[in-house]
Chemist: 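The structure follows.
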Amino acid sequence: MILAAIVLALEGPARPDPDGWRGLVYGLLKEIDPDLHSAQPNPFSLSLGGREGAWWVRIGILEESLYARLSPRLFGLLGQPVRLKSAFTVQAVLQEEHPWAGVSSYPRLFQGQAGPSLGLQFASPTFFRRKGNSYPLPEPRLVFDSLAQRWNAFAPVKVPPELAESWERMTIARLQGHTQATWPNPDERGVGFVGRVVYHLPAASPLEAQWMQALGRFAFYAGVGAKTSLGFGRVRAFDPRQEVSKNHESEQGAFTGTLGSV
């Protein structure tokens with residue numbers, strides 16, 4: 001029941017090419033199982049972060065069996081040169097001591113405070129598929145349906161189906177962010193959301209609050225929305241009591257092109 005987010009800290013001359021850093025992980029997945037990288041839904045998420053001179057690649061893992069097979073290969077890259085179109089060296093392989101690394105389990109996601117409000121930081125462009133187009137607004141139903149679908153695919157306990165009605169009742173208490181142009185594939189252009197949102201479930205029952213918080217913590221590993229295996233939808237929960245006007249993390253190296261404010 002292990003969940004993990006492993007970060008590869010890179011040293012290299014420039015920003016890693018998207019095809020390069022995706023190809024590195026997809027190549028490792030192909031060694032494990034030739035069909036794994038095309039599984040639906042994907043048992044992993046993938047993203048690029050950092051800044052000039054301090055880039056990193058992150059792999060979120062949603063299955064314990066995948067963690068057992070993939071993590072030795074990832075830790076085996078420590079100190080090794082890798083080709084991400086340009087040459088890089090893997091300086092560190094981290095599953096802790098990094099803000100985007102961590103290890104947990106599905107039962108552990110239910111531990112801790114369970115209130116009626118939840119903050120989510122959307123650190124890379126997040127969008128949903130609607131009639132073949134990208135839809136960038138982080139509406140409660142879209143966000144929590146996305147999380148529930150991935151949870152149900154891999155977790156030992158399923159999300160109660162009656163909670164679908166809860167997401168319809170949920171509101172957005174605060175929002176700060178903007179849209180960004182996205183290029184999931186060379187021939188596909190869309191738009192995604194980056195920013196911070198506080199969700200609130202009025203008159204939340206203990207069961208609703210517990211599942212809301214668990215799914216919010218799950219987002220750290222699973223991502224939200226479409227194309228999470230290509231670097232989109234990287235999300236983590238935050239305490240909604242924090243000041244939402246705090247500037248969200250500047251990680252625009254992998255995705256550029258602001259279209260406007262939400």
Side-chain angles (χ1 to χ4, degrees), residues 1-5 41 45 60 62 99-100 102-130 135-179 192-226 228 232-249 262:
M1 292 185 288
I2 286 178
L3 293 157
S45 61
L62 308 183
W100 285 99
V103 177
S104 188
S105 68
Y106 286 95
R108 198 181 303 168
L109 297 179
F110 289 96
Q111 298 176 3
Q113 181 182 2
S117 296
L118 171 71
L120 291 180
Q121 176 192 0
F122 297 83
S124 70
T126 303
F127 60 93
F128 307 88
R129 304 303 295 173
R130 177 174 287 183
Y135 183 77
L137 300 184
E139 298 175 5
R141 180 183 60 80
L142 295 176
V143 169
F144 284 87
D145 278 352
S146 170
L147 289 169
Q149 288 170 11
R150 299 201 79 191
W151 176 288
N152 287 341
F154 304 110
V157 177
K158 307 308 178 188
V159 179
E162 61 268 24
L163 290 184
E165 186 275 337
S166 305
W167 317 143
E168 296 286 352
R169 288 180 15 238
M170 190 179 292
T171 64
I172 291 178
R174 288 177 285 179
L175 180 149
Q176 180 188 30
H178 58 267
T179 54
F193 173 80
V194 178
R196 292 161 66 89
V197 182
V198 174
Y199 297 94
H200 180 71
L201 187 56
S205 69
L207 177 68
E208 289 174 326
Q210 189 176 47
W211 274 101
M212 180 182 177
Q213 300 298 329
L215 289 172
R217 297 172 185 130
F218 177 63
F220 181 79
Y221 302 96
V224 171
T228 56
F232 299 94
R234 176 161 52 90
V235 174
R236 65 180 169 191
F238 67 89
D239 186 340
R241 295 171 296 183
Q242 292 177 355
E243 181 58 48
V244 175
S245 63
K246 175 184 176 183
N247 291 332
H248 65 268
E249 204 173 319
V262 175

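No hydrogens, no waters, no symmetry mates; every other heavy atom, side chains included, goes into these values.
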Chemist: Any side chain to side chain donor-acceptor pair (under 3.5 Å) pairs touching residues 212-222, not counting sequence neighbours?
Modeler: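 Sorted pair list comes back empty.
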Chemist: Is the side chain of S104 donor-acceptor paired with the backbone N or O of L3 at a distance under 3.5 Å, no angle test?
Modeler: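 Side chain of S104 to backbone of L3, a donor-acceptor pair under 3.5 Å: no, none is there.
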Chemist: Could you give the distance from CZ (R108) to CD1 (I2), rounded to the nearest 0.5 Å?
Modeler: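 Output value for this atom pair is 8.5 Å.
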Chemist: Only counting residues at least two apart or in another chain, list the ones meeting ring pair (Phe, Tyr, Trp, His ring centres under 6.0 Å) with F218.
Modeler: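 Scan of F218 (ring pair (Phe, Tyr, Trp, His ring centres under 6.0 Å), adjacent residues dropped) gives Y106, W151.
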Chemist: Going by distance alone, is a donor N or O of one side chain under 3.5 Å from an acceptor N or O of the other, for R236 and Q121?
Modeler: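 The criterion, which ignores hydrogens and geometry beyond distance, is satisfied for Q121 and R236.
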Chemist: Roughly how far apart are Q210 CD and L215 CG, rounded to 0.5 Å?
Modeler: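 One finds 10.5 Å between CD of Q210 and CG of L215.
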Chemist: My understanding is that only residues two or more places apart in sequence, or in another chain, count here; which of them pass salt bridge (Lys or Arg N to Asp or Glu O under 4.0 Å) with R169?
Modeler: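 By the salt bridge (Lys or Arg N to Asp or Glu O under 4.0 Å) rule, R169 matches E165, E208.
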Chemist: Between atom CZ of F238 and atom CG of L120, what is the distance when rounded to the nearest 0.5 Å?
Modeler: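 Interatomic distance, F238 CZ to L120 CG, rounded to 0.5 Å: 7.5 Å.
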Chemist: Any non-hydrogen side-chain atom of P240 less than 4.5 Å from a side-chain atom of R174?
Modeler: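 Yes. Closest side-chain heavy atoms under 4.5 Å.
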Chemist: Step by step, would you call Y199 with I172 a side-chain contact (heavy atoms from CB on, under 4.5 Å)?
Modeler: CA-CA 5 Å; Y199 297 94; I172 291 178; 4.0 Å; yes
Chemist: Judged by atom type as modelled, is there a donor-acceptor pair below 3.5 Å linking the side chain of S124 to the main-chain atoms of G233?
Modeler: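 Yes; judged by distance alone, with no hydrogens or angles, the pair exists.
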Chemist: So how far is it from F220 CZ to S45 OG, rounded to the nearest 0.5 Å?
Modeler: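 The OG atom of S45 is 9.5 Å from CZ of F220, to the nearest 0.5 Å.
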Chemist: Would you list the atom pairs, donor with acceptor, under 3.5 Å between side chains in residues 141-149 and any protein atom, with sequence neighbours excluded?
Modeler:
unit_1: S146; atom_1: OG; unit_2: G225; atom_2: N; d: 2.9

Chemist: Please examine the side chains of T126 and P138, heavy atoms only from C-beta on, and report whether any two atoms are closer than 4.5 Å.
Modeler: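 The answer is no; the side chains never approach within 4.5 Å.
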Chemist: According to side chain to side chain donor-acceptor pair (under 3.5 Å), who are the partners of T228, at least two apart in sequence or on a separate chain?
Modeler: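 Counting only residues at least two positions away or on another chain, T228 forms a side chain to side chain donor-acceptor pair (under 3.5 Å) with R150.
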Chemist: Taking only residues two or more places apart in sequence, or in another chain, which ones meet E139 in a side chain to side chain donor-acceptor pair (under 3.5 Å)?
Modeler: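 Here the qualifying residues are Y135.
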Chemist: Just one of V198, L137, V197 clears the side chain to side chain contact (heavy atoms under 4.5 Å, CB included) bar with L175, so which one?
Modeler: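 Passing option: V197.
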